[in-house]
Amino acid sequence: VIIPKIVNVPSNSRVLMLLGQLERMNGEAMLKDVETARQVTAKILHLIQTQGKRKHNSRDVQTTLNILCIVSELLTVGRGRRVGVFVSKGGTGVLFQLLINASKEFPPSEELMLQLHSLLAKVGPKDRKFGVKARLTGALNVTINLMKQNLLNNKLLLPCLQVLRVYSSNLVNAVSLGKNGVVELMFKIVAPYTVDFVNEVQNVITLSSLSLLSPCTETNARRAVDGGFVTVLLALYLDWHRNDTRHRHMLIRKGLLVSLRNITNIKLGRKAFIEADGMRILYNTSTECLPVRTLDLLINTSSLIMRKCFPKNRLPVPTIKSAFHFQLPNVPAAGPVAQLYNQPPGVDDVVDESDDNEEADADTENDTENDDDDKDLLNDDIETDLNKLHPKRNPGRPLEELRVYERFFLELSEDFQVAKMSILTNRNSSCIASTQSSRPIIVPTAQALSSPVNSTRHIQSPLLLGGIASRRVGGGGSNFGSDCGSEGTEDEGGEGAVLEVPDTALLLPLHDPDLYVEMVKGTRSVPEYAEVAYPDYFGHVAPTFKEPLLERVYGVQRSKIYQDIERLIHPNDILDKAVYDLDIPSCPVIEDNGESLKFNSQFESGNLRKAVQVRKYEYDLVLNSDVNSNHYHQWFYFEVSGMRVGTVYRFNIINCEKSNSQFNYGMQVLMYSVQEAISGRPRWVRTGADICYYKNHFARSSIAAGGQKGKSYYSMTFSTTFSHKDDVCYFAYHYPYTYSTLKMHLAKLEALRTPQIYLRQDNLCETLGGNGCPLLTITAMPESNSNDHICQFRNRPLIFLSARVHPGETNASWVMKGTLEFLMGTSPLAVSLREGFIFKIVPMLNPDGVINGNHRCSLSGEDLNRQWLNPNPELHPTIYHTKSLLQYLVHMQRTPLVFCDYHGHSRKKNVFMYGCSVKETVWQSNITASSSDLQEDLGYRTLPKILSQIAPAFSMGSCSFVVERSKESTARVVVWREIGVQRSYTMESTLCGCDQGKYKGLQIGTRELEEMGAQFCVSLLRLKRLTGLRNHQHLLDLENDIMTHTKVVRLVKWRILQSHLHTQLMHEGTHML
Ligand SMILES: [Zn+2]
């Protein structure tokens, strides 16, 4: 300890004595003899205290100063421990008291004030009650007044600012300080400083003042706006930006921006920012910063402010209600459709200027993937009602009513020997190949399509006559089929009516273009589509090359956002020309001079509402809401033509709703080129560069945002170039799979039937839109007509599968296609499967949604997978009847062994399952359950466990068996709880790709999805073997599995589980892997 030289030593012998004592203890000894040091300092403290109480005179001031000086020195060393002692002994209060006393002197001693504030700045951060004490003693005002009177006194200002900073960390103080003019004061201090003046002290003062402005409360922000400080801050920032050419004062520049950021948190602040030309100033300064990587901090903060202040726009549509309306047979008064259409016109998309308190989405440039939002949700959402957790079989409708479903289970009831032939030949209940419609169907939709040279098959398409500008296609790649060389026959194609169809029969056994058109004729759509999209017509042959997840280029999102901001900065560059608009129903394609792309989405599953040419090669795209709703924008499928070769086009889908997307984590869009297809490469390929997904400046009405105000939409942007002239290209969110495609596949599946296969296709019901909902039964014919064989046939366990309740999850249909093709196959595994089980399959639970380009809902405007608790026969017929089928099976005591509903997941990678377990739900929550509550067979884990071993895309780690409250009306939970199927699952397939296993780092394709569907079947066979063999020895594997995969394993609960495992082992011990 260095004892400062004390001038004018006071005649206070006690102080001298104590100081002498301290002096005798050198630093080393002091550390060892902490107790003595503590005693000495305590005595000194006491002295200050008594000194403070005395009447002041000049000698006393000097004494106090000297003591404070010593205290200050004492507190400088010792890493804060001494400060802690000082605070615990009440030192802070003493200092405040001294401060108040000193302030009563006139004029107050500057030296004393300086010393007191220096000490307070040191002590303040260690005293949790510092702010409160300061307020109660009146010290706040003393400091402020002192500063007001000493604006040019840097020496005094500095410690005052530091103390003020500690004061204002208390919110009440911050408001109180604001009232006392601190905001104005700070601006007075900051404003005069420019680079010319900078020296060390002023630098620190500026910084401190700025940091004081930063924790702006709303009222303080308002004060700053009223005081005109937005302009001041901008001018200052510009000044620093221009003069700080060597970037030595980054912290001050950042500080100025942070103050702006806080002020613009309020509406008034944003308005002031725009009026002060803030957008242009920050845009220009940050553009100048772009080349210097170290200035990223400034650019990102500027970008954040500009995005926040960017004036909110309305979506360029007359209403956010879907462009299509479907009249429901009855509209429940409390239902979503009544609510939607009872609103007064025009209220649904009012721009809401409220503050969006959610921090503008942090810069995702360097974010690693993070699915935490999902988990947070889950924790609030866990079902904690044990009554609801326990499966309660609810047979639902009485048997008499359910008897009508008998006709869907002929294999269980009828006298097979008699019925066999008639069942299988008389398919009068089939809806599949209905072609009754007489609407004209236009096959290709583009006018500029070529009629190419390498003919393999020609189809006459009368509706194309005259519409095609004929020309030759050069080159010509490898074609499919045996007869398709690339000899390049000269053919002017003058007749114009010949369209090349790639021959994919060998590669796509379930595809047939002619049959597809026939199927389309029987499909009923709300907009009455008259066209067919080429990709669905030609079919898709999965490419053989790998499609890796897209690596994100540094700064992509920032540069996209800056381009968006330029719309405001350079308004003259903006065309803002609508080129496609479904809200002009008669003429959605707006004619033009050939300077714009042509868009179209008027075909099955198409979704694009509007296209606006923003700049020459940039388009804003608006997606249509699900029919009878005003949101759910995610799925898209549209056609583009009239492109220039080699030009980079930018597309922005501007009304996305989810807060994040796999488009930020490697997912690309899908593109299908007709020129490529007719050159022998009919396929969807992952495409698009510079992809990112971010919050934009289009306001989202609170009505469409679940009541939340001030929300914005999100943009998904991608860039692409086209490689063929006069091409017609399609873009989609994921591999399309239309209802007509399903019907075609089902019709072609019939052809795969052998005499050993029992395949029946029924029409379960009709949808609201008048489309059939196919129901398939697949099993093996009985080996013979012997009673034993018929008996074995009838007693096969049932497997119940469904898919595509969510229309935007097209991947679910590709998985289902894999399942169906495998089940109809000739492999020994397929034979065993058919012999072992009866499969009941509803491959498309929501045909209307699929047909009309919905993402989530049916024509009732509702998510059908939230209707299982109480489906309405009129509004949710497919769910009502599917549930009834299951209820019928309960009555017949034929509850399925497995129920699985195929879905797609837009925010996660890999394929995984959700199941239902009481135990795992209890573990994840804090509810207490008796051990009898936790009696549960572990069989629900077996199937996913097998899948994780045999299906490369499947990840056990992503599976969850927790029952959520928000999911209580889903198929999975209702079938588990009411129907009593223990193995009731949703199988979720990624729309993006995999981050584990054989496909790690790759995007998912239809081949992998179909493989998944096949592997699902294989897993059922293993399940059967395991449940059949009653094999106990794998129990340990299962234990390991649970230990490694259950995210929260609590030891106590684990012990309960172990004891259960043993009892289960005794009783059944079956479902173990
Ligand atoms: Zn889904």
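Because the structure is predicted, anything quoted here is derived from the model rather than measured. Just follow the structure's listing: the first ligand is 1, and inside any ligand the first atom is 1.
With ring centers used as reference points, Tyr694 lies 6.0 Å or more from Tyr713. Side-chain rings of Trp684 and Tyr637 approach one another, their centers coming within less than 6.0 Å.
Electrostatic pairing of Glu862 and Arg856 does not count as a salt bridge here, judged by no charged N lying under 4.0 Å from a carboxylate O. Using a 4.0 Å cut-off between charged side-chain N and carboxylate O, Glu1011 and Arg1007 make no salt bridge.
The Zn ion (ligand 1) has no N, O or S atom of Glu988 under 2.8 Å away, backbone or side chain. The Zn ion (ligand 1) has His903 among its coordinating residues (N/O/S atom, backbone or side chain, under 2.8 Å).
When the Zn ion (ligand 1) is compared with the N/O/S atoms of His806, atom ND1 turns out nearest.
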